[in-house]
Amino acid sequence: MVQEINQSEVEYGEQLSDHIYRYRSKETGLEMYQEGKWYENSIQIPTPEKIPKR
């Protein structure tokens, strides 16, 4: 469904992904839904204490 909407309704440059994501917690990060299953820690969101200072 996401892919269909991206192709028909969203401009190419505005598309982020054809996957579904959800944010649960700092520990879990973003989870990706694929093939009927949620995958934890699909993408880690850096927290301020993990971002290197310049």
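Keep in mind the model is a prediction, meaning the values are calculated, not measured.
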Check: Under 4.5 Å between any side-chain heavy atoms of I20 and W38, yes or no?
Finding: yes

Note to self: Just verifying a value: how many Å separate L30 CG and Y23 OH, rounded to the nearest 0.5 Å?
What the structure shows: 8.0 Å

Check: Taking the side chain as C-beta and beyond, is there a heavy-atom pair between Q34 and Y39 under 4.5 Å?
Finding: yes

Checklist line | Least distance between heavy atoms, Q15 atom then Q7 atom | finding: NE2-N, 4.3 Å

Checklist line | Distance (rounded to the nearest 0.5 Å) between K37 NZ and M32 CE | finding: 11.0 Å

Next item on the list: Please confirm whether the backbone N or O of N6 pairs with a side-chain atom of D18, one donor and one acceptor, at under 3.5 Å?
Entry: no

